[in-house]
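Below is one structure, written out as structure tokens; the observations come after it.
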Amino acid sequence: MDVPEHARKGKSTNPTSVSPLLLIRDIAGERQVSLNGDSVSIGRSRDNDVEIEDISSSRHHCALKRIQGCWHIEDLRSRNGTLVNGILIRRQPMMVGDLIEIGKTQIFFGEIPEQHRSSSPAGETLLLSTEYFLEPISGEVVSDDPIRFQKEREIFLRLLELTRDLCSILVTEELFEVILQNVIEIAGAERGFLIVEDESELKVAASRNIDKDVVRRAHLQVSHSLVRRVIDSGEPVLTGDARSDPRFNDSASIANLRLESVLCVPLRLRGVVLGAVYVDNRFEKHSFHQGTLRFIQFLADQASIFIENARLFEELHRKQDAVQLSKDQVEDLNRQLQAMLIARDVEPEDVRELVKKGARPDLKHSFDRIVTRSPVMLKVFELLDSVIDTDMPVLVLGESGTGKELVAQAVHIGSGRNQESFISQNCAAISQNLLESEFFGHVKGSFTGAVRDKKGLFELADKGTLFLDEIGDMSPDLQAKLLRVIEDGEFRPVGGRDTVKVDVRIISATNQRLEEMVRDGRFREDLYYRLNVLTVHLPALRERREDVPLLVDHFIDLACSRLGLERPKLDPRALYALYHSPWPGNVRQLENEVERLVALSGSVIAPEDISPSVLSHRPGSTNREPMRGTLRELVAEATEGLERQVLGATLQENCWNKSQTARQLGVSRPTLDQKIEKYGLKKEVEDREENSG
């Protein structure tokens with residue numbers, strides 16, 4: 001880097017070819033060193049030709065070399081850089097009278113120019129040192145000096161580059177090292193420590209001295225009372241003579257460590273102190289000034305953000321690893337379970353012991369009310385775990401009976417709304433002309449039968465969660481009104497004039513294909529995208545068959561507790577049949593079946609006690625008729641045949657009690673009536689009467 005012409009004014013314009021002297025000013029005073037030979041090394045190490053006692057100097061800081069009879073100076077990639085006439089250089093020819101600055105040390109090449117002859121020793125110089133403080137301590141007078149502003153610019157550029165670099169570091173240990181090293185270099189400190197608070201105890205997370213070596217027994221090298229003062233108050237501490245500072249008269253560690261200059265700055269984030277950055281100098285007083293504090297505080301505030309991000313990133317990875325380990329374990333146990341349940345003579349006790357070995361992943365929120373060990377369901381938990389704490393709308397898709405309401409309850413319980421109401425409503429269970437009144441309430445006299453004011457579901461769920469099941473059965477008119485409530489957070493009761501403002505989290509669910517309904521114009525597209533911020537797909541029970549033994553065991557305990565009965569034994573053949581059933585009604589159907597078995601079977605649940613609707617789909621049943629048609633047609637035909645068979649068997653089992661059948665199959669009463677009419681199902685008595693006629 002060339003020196004500007006104005007910096008050369010008053011000096012010889014020819015590089016010297018003689019062997020001049022080096023005139024050195026440092027904390028030891030002034031001395032002269034002759035330049036002998038063709039190369040002279042300068043630095044803090046004793047093996048240099050010129051040794052300087054300056055903590056801002058690197059061990060091997062710079063070198064003077066004679067090239068073709070002329071002397072040149074070269075910076076040896078030092079930490080704090082080498083200045084010639086106030087300008088940072090990499091390589092530079094030397095002129096008589098040039099000033100080399102290394103920290104607070106001044107080295108004049110050949111002679112001391114007139115303007116520097118009356119200067120005070122370097123140990124008392126403020127502006128012409130490479131110390132990175134820019135504001136004077138109280139009482140000092142500082143003139144406008146271009147060197148001062150050049151240094152300030154260099155520091156700010158360095159801090160900006162450092163901030164960009166810190167963004168890419170996501171390992172806390174590496175981040176601590178980078179932050180601390182830069183703090184030491186910017187402050188010109190002898191040593192530095194990054195301290196964090198771990199369970200109310202101070203822990204040195206990183207330590208370095210000026211030579212970039214780890215400080216031995218670092219926890220004994222810092223004043224814990226001073227650090228505790230900074231962390232508790234959240235305010236920095238700067239002292240230039242710690243042993244004489246009245247603030248620390250009661251601190252034994254200050255005296256024992258023989259500290260001189262100390263600067264300790266808190267690591268603060270959103271009002272919380274994460275730790276502190278601590279730098280010191282045991283040999284020089286007043287090494288740090290207000291300018292140093294200003295820059296280190298700026299760096300500490302930025303570093304706190306990146307430290308917290310790195311911690312969260314590492315915590316996420318730890319959880320992901322733990323979840324993956326749990327999933328791998330569960331999948332291995334499930335393979336063992338499936339192999340065990342291939343045989344009809346499997347012992348239920350062996351199955352119980354095996355399913356208890358499956359470990360649930362360590363997630364932030366609990367999903368204990370949902371009984372499962374299926375990897376598919378664990379993925380659902382992982383997805384929900386990341387959004388429970390938000391107000392994000394959730395759309396739960398799945399067949400009837402898969403546990404959509406249980407999932408909605410888990411989201412509510414884990415959220416910040418868990419102290420408020422959880423309101424659940426099946427949209428298919430309300431007649432269309434009453435839906436608006438149910439959702440938004442009504443005022444007295446608004447229609448026939450409205451004898452008093454009534455709050456709607458939205459008002460009842462204010463500050464809480466509203467779960468809307470079978471959202472696809474909602475009328476287009478009500479869809480439009482629901483959209484307005486979601487967008488504006490307000491509605492008007494039926495017959496009312498005033499609007500009501502509410503804060504409600506919406507969780508919706510359906511067993512229908514909403515995307516197809518949107519394409520067919522049966523469901524509003526804008527409402528679909530409002531509800532479909534996060535979609536959760538719940539698998540059918542036949543897709544997580546490994547949960548069947550666990551659910552059977554759980555439902556037996558619940559039924560025995562509810563009915564006050566002794567726990568019956570489970571015949572291995574019965575467990576085999578229950579495991580291999582397709583369960584078209586999913587978990588709800590299994591729960592109803594197990595409760596029925598506990599109530600009717602006595603001391604042993606035998607396979608002959610199982611409902612015909614379950615046994616009709618036992619393993620080995622086949623359709624021997626030839627299959628013809630496209631895949632879509634075959635699937636539709638098989639689905640309808642299975643649906644008709646299940647409906648008929650369940651109606652017969654319940655003596656044609658339609659309400660009980662609808663609850664058992666997990667469908668609404670109107671849907672059941674439509675299916676009965678579609679398949680032409682009739683009571684056996686009616687069939688016999690028609691045949692006799």
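The basis for the numbers below is simple: all heavy atoms, side chains too, and nothing from hydrogens, waters or symmetry mates. Since we're looking at a predicted model, the values are computed, not measured.
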Is the closest side-chain heavy-atom distance between Gln419 and Lys463 below 4.5 Å? no

Side chain to side chain contact (heavy atoms under 4.5 Å, CB included) between Ile184 and Lys212: does it pass, once the steps are laid out? CA-CA 9 Å; Ile184 293 172; Lys212 301 184 180 180; over 6 Å; no

Lys104 bridged to Asp54 by N-O distance under 4.0 Å: no

Just to verify, which of Asp280, Asn281, Asn209 counts as forming a side-chain hydrogen bond (donor to acceptor under 3.5 Å, both in side chains) with Arg191? Asp280

Is it true that the side chains of His365 and Asp389 contain a donor and an acceptor less than 3.5 Å apart? yes

Would you check, one step at a time, whether the test side chain to side chain contact (heavy atoms under 4.5 Å, CB included) holds for Ile486 with Leu531? CA-CA 9 Å; Ile486 295 175; Leu531 299 175; 3.7 Å; yes

For the residue pair Arg229 and Phe248, establish whether any side-chain heavy-atom pair is separated by less than 4.5 Å. yes

Evaluate the criterion side chain to side chain contact (heavy atoms under 4.5 Å, CB included) for residue pair Gln106 and Glu30; output intermediate values, then yes/no. CA-CA 9 Å; Gln106 296 178 335; Glu30 294 187 1; over 6 Å; no

Going by heavy atoms in the side chains, are Arg282 and Arg258 under 4.5 Å from each other? no

Euclidean distance, Arg90 CZ relative to Cys62 SG, rounded to 0.5 Å: 13.0 Å

Closest heavy-atom contact between Ala206 and Phe176? CB-CB, 3.9 Å

Applying side chain to side chain contact (heavy atoms under 4.5 Å, CB included) to Arg25 and Thr105, what does each step give before you reach the verdict? CA-CA 6 Å; Arg25 285 179 179 174; Thr105 301; over 6 Å; no

Check: His412 main-chain N/O paired with Asn418 side-chain donor or acceptor under 3.5 Å: no

Return the CG to CD1 distance between Leu76 and Ile42, rounded to the nearest 0.5 Å. 9.0 Å

Please check this pair: side chain of Ser57 against backbone of Gly43, looking for a donor-acceptor N/O pair closer than 3.5 Å. no

Distance-minimising heavy-atom pair for Gln221 and Arg216: CG-O, 3.7 Å

More than 12 heavy atoms of other residues, nucleotides or ligands under 6.0 Å from CD of Glu487: yes or no? yes

Salt bridge check, Arg59 against Asp213: does any charged N sit closer than 4.0 Å to a carboxylate O? yes

Kindly give the heavy-atom pair with the smallest separation between Glu260 and Glu284, and that separation in Å. CB-O, 3.4 Å

Taking all heavy atoms of Phe108 and all of Pro113, pick out the closest pair and write down the distance. CD2-CD, 3.7 Å

Can we say Glu197 and Arg228 salt-bridge, meaning some charged N sits less than 4.0 Å from an Asp/Glu carboxylate O? yes

The single option from Leu220, Val222, Val227 passing side chain to side chain contact (heavy atoms under 4.5 Å, CB included) against His224: Val222

Given side-chain hydrogen bond (donor to acceptor under 3.5 Å, both in side chains), test Glu185 with Gln181 step by step and report yes or no. CA-CA 6 Å; Glu185 293 176 2; Gln181 188 60 44; 3.1 Å; yes

Is Arg505 paired with Asp391 through a side-chain N to carboxylate O contact shorter than 4.0 Å? no

Does a sphere of radius 6.0 Å around CZ in Arg77 hold more than 12 heavy atoms from other residues, nucleotides or ligands, not counting ones at 6.0 Å or beyond? no

Please check: side-chain N/O of His72 versus main-chain N/O of Cys70, any donor-acceptor pairing under 3.5 Å? yes

For the residue pair Phe193 and His219, establish whether any side-chain heavy-atom pair is separated by less than 4.5 Å. no

Evaluate the criterion side-chain hydrogen bond (donor to acceptor under 3.5 Å, both in side chains) for residue pair His61 and Thr82; output intermediate values, then yes/no. CA-CA 8 Å; His61 198 97; Thr82 303; 3.2 Å; yes

Tell me, do Arg311 and Leu274 make a side-chain contact under 4.5 Å, heavy atoms counted? yes

Quick one: pull up CD1 in Ile195 and CD1 in Ile231 and give me the separation to the nearest 0.5 Å. 7.0 Å

For Asp245 versus Arg247, what's the shortest heavy-atom pair and its separation? OD2-NH2, 2.8 Å

Side-chain heavy-atom pair Pro236, Pro266 within 4.5 angstrom cut-off: yes

Contact check, side chains of Thr239 and Ile254, non-hydrogen atoms, under 4.5 Å: no

What is the distance from atom CG of Leu194 to atom NZ of Lys203, rounded to the nearest 0.5 Å? 11.5 Å

Are a donor atom and an acceptor atom from the side chains of Asn36 and Ser34 found within less than 3.5 Å of each other? no

Does any non-hydrogen side-chain atom of Ile102 lie less than 4.5 Å from one of Asp26? no

Distance col, row Ile305:CD1 vs Leu269:CG, nearest 0.5 angstrom, shows 6.5 Å

Between Ser39 (side chain) and Lys65 (backbone), is there a donor-acceptor pair under 3.5 Å? no

Note: Asp47 and Ser45 closest approach over all heavy atoms is OD1-OG, 2.7 Å

First locate atom CG of Leu21, then atom CG of Leu35, and finally report the distance between them rounded to the nearest 0.5 Å. 7.5 Å

